[in-house]
Amino acid sequence: MSYNNYLNCIIYKYEMKLKSVYICSSCGSRSPKWLGKCNSCGEWNTFVEESEPSSGTKRKSIKEFNVPIQRLSEIQTGTNYRNKTGISEFDRVLGGGIVPGSLVLIGGDPGIGKSTLLLQMCAGIESLNALYITGEESAEQIKLRASRIKNINTDLEIMCETCIEYIDSAIKASHNNLIVVDSIQSVYSERVESTPGSVLQVRECASLLMQTAKKTKKPIFIVGHVTKEGVIAGPKVLEHTVDTVLQFEGEKTYSYRILRAVKNRYGSTNEIGIFEMTDVGLQEVKNPSEIFLAARHLSEPGVAIAAAMEGARPLLIEVQALVAPSGYAVPQRSATGFDYRRLQMLVAVLEKRLGIAFRQNDIFINIAGGITLNDTSMDLALAAAMVSSLKDMPIDPETAIIGEVGLTGEIRPVGNIEQRISEAEKLGFKRILIPAGNFKKINKQYKIKLEPLERISLALAKLF
Ligand code: TYD
Ligand code: MG
């Protein structure tokens, strides 16, 4: 090899090297070299090597742009600002319907029902003409899924494609004004060399769709799978790009699914939608408390009813505890659907403030229905369920319990108290334990008997 060739080779390698970059597949942060732990999100083993897209585009001069500057008062939003999907649980989570030109990401574990939900939305929507683009399944598979769903509109248009440039021009050219891309991990851009599903591909495809959504004013829904492994990019990377991030969650073994807004530029993130996966597709659950309490175990020790909030809605739910003698030196503590550390804190409060010893016992906590709740107002119900199981004494099944427990054993006030009480009253409960701090501010009359309480010891004395 001549000396010149050798030099060229080194320069070539050097240039190539500059183009490769390491990206965290969990949060999308970049690093010039591989790192075991991501400094920005703290995840381990998430860095993957990517090569940057070629930046061959020429910069435009300012004269070539023609971007108007408008006053806020001059901007028109149109009268039919939002389009209803026809699924009211879905509309509520979106903030009242679909906003034109918005890019919505629906994330969730594989098999949770994202494709089913979007297919139902596309087929059911009347005000928009939907195009369902899939890169994951064949047209026959879509047809098979659709045939399971009750009352499906067979005029729905389907396209099977994975190249984002093609998809993009199809969206621009088509007469459809609602687009679904299922999923973002299955499509690829020709401009990026890495494999479909990699961080750069996902980001490139999403930003192209974002531009198209804004330019054409067609709302676009994209599906994103959540995986923690480094290979496939999780929707975290996309959260900054899109307008709305919805999370579809639920235990696969249970049929209930919760749609939650994680980020919403056009609405509140407090709203949730509850669905049930049935053999005829997803059904809306309008009265969640009734369903979660339907299979209630009346008068069993270890069961208490909490009045929690799920988003902006009250939800009465059965909290179960099993306190059993432990066979181990270190007893087990396990919580399903509830924060494990909070459970440990409650056990410590009961032991220290009330002298109830759990040291010889295993404790298992379960929130019925397979849902996860992070509402501290369930503390008191949980503590009551544990004591009920330990003493083998059931709690009156017509009593609901609300209250956050503090470290000194005090019962602290919670938010949305009136909504919670009304829900309990509506469902036929006769008595409700509430924090004394809340009681002072209530000026409505209820049929249900309110029991204001200041300390956990008083609450337990009332219950047992
Ligand atoms: P799917 O929408 O394919 O999930 P995702 O797109 O999130 O991966 O849903 C798949 C699951 O839903 C599958 O396990 C079958 C079930 N399912 C029903 O139980 N009933 C139905 O009517 C449909 C269409 C699916
Ligand atoms: Mg799917």
Side-chain angles (χ1 to χ4, degrees), residues 85-87 89-90 93-94 103-125 130-162 164 167 178-188 196-197 201-202 205-206 209 220-229 231-236 238-239 242 244-262 272-285 291 369-372:
T85 60
I87 306 172
E89 295 287 303
F90 199 178
V93 179
L94 286 169
L103 185 65
V104 181
L105 171 72
I106 300 201
D109 293 333
I112 208 81
K114 302 178 293 296
S115 307
T116 309
L117 178 68
L118 290 175
L119 194 66
Q120 277 182 250
M121 176 193 78
C122 287
I125 196 160
L131 173 64
Y132 188 96
I133 302 170
T134 176
E136 298 215 323
E137 291 157 307
S138 66
E140 291 86 57
Q141 282 171 314
I142 302 278
K143 172 92 187 190
L144 276 178
R145 173 180 291 118
S147 61
R148 298 178 67 174
I149 300 168
K150 210 168 59 183
N151 300 336
I152 194 113
N153 171 7
T154 47
D155 286 338
L156 174 65
E157 287 165 80
I158 312 279
M159 183 171 106
C160 300
E161 180 54 53
T162 48
I164 197 74
I167 290 176
L178 170 64
I179 313 291
V180 169
V181 179
D182 185 0
S183 67
I184 195 72
Q185 275 96 5
S186 66
V187 293
Y188 71 95
Q201 279 287 5
V202 163
C205 295
L209 290 174
I220 303 180
F221 284 72
I222 51 183
V223 171
H225 297 295
V226 186
T227 50
K228 266 202 160 175
E229 283 73 41
V231 198
I232 298 176
K236 270 254 170 286
L238 296 171
E239 277 178 17
V242 302
T244 302
V245 181
L246 306 180
Q247 184 77 25
F248 207 29
E249 52 191 43
E251 297 281 323
K252 254 192 240 164
T253 43
Y254 286 94
S255 57
Y256 298 107
R257 304 279 184 267
I258 293 180
L259 187 67
R260 194 189 297 276
V262 180
I272 62 152
I274 303 182
F275 295 89
E276 187 181 1
M277 182 61 95
T278 65
D279 52 358
V280 288
L282 283 162
Q283 304 277 314
E284 294 178 67
V285 175
I291 291 200
I371 64 169
T372 300

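Along the sequence shown, residues are numbered consecutively beginning with 1. First listed ligand is number 1; within each ligand, the first listed atom is number 1.
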**Asked** Short question: side chain of Arg260, backbone of Glu249 - any donor-acceptor pair under 3.5 Å?
**Response** no

**Min side-chain heavy-atom separation Glu284-Phe275 under 4.5 Å** = yes

**First-shell residues of ligand 1 [heavy atom, distance under 4.0 Å]** = Asp109, Pro110, Gly111, Ile112, Gly113, Lys114, Ser115, Thr116, Arg145, Arg148, Met277, Thr278, Asp279, Val280, Gly281

**Asked** CG/Leu282 to CG/Leu118 distance, rounded to the nearest 0.5 angstrom?
**Response** 10.0 Å

**Complete:** Closest non-hydrogen contact found for Val245 with Val242 is CG2-CG2, 3.6 Å

**Prompt:** Ignoring water, what protein N, O or S atoms are under 2.8 Å from the Mg ion (ligand 2)?
**Reply:** Ser115 OG

**Asked** Can you tell me how far CG of Leu209 sits from CG of Leu238, rounded to the nearest 0.5 angstrom?
**Response** 10.0 Å

**Message:** Testing the 3.5 Å rule here: is there a donor-acceptor pair between the side chains of Ser183 and Glu136?
**Reply:** yes

**Request:** May I have the step-by-step check of side-chain contact (heavy atoms from CB on, under 4.5 Å) for Phe221 and Asp182, ending in yes or no?
**Result:** CA-CA 8 Å; Phe221 284 72; Asp182 185 0; over 6 Å; no

**Request:** Look up atom CD in Gln247 and atom CG in Asp109, then write down how far apart they are to the nearest 0.5 Å.
**Result:** 7.5 Å

**Prompt:** Out of curiosity, Glu140 CD to Cys160 SG, how far, rounded to the nearest 0.5 Å?
**Reply:** 7.5 Å

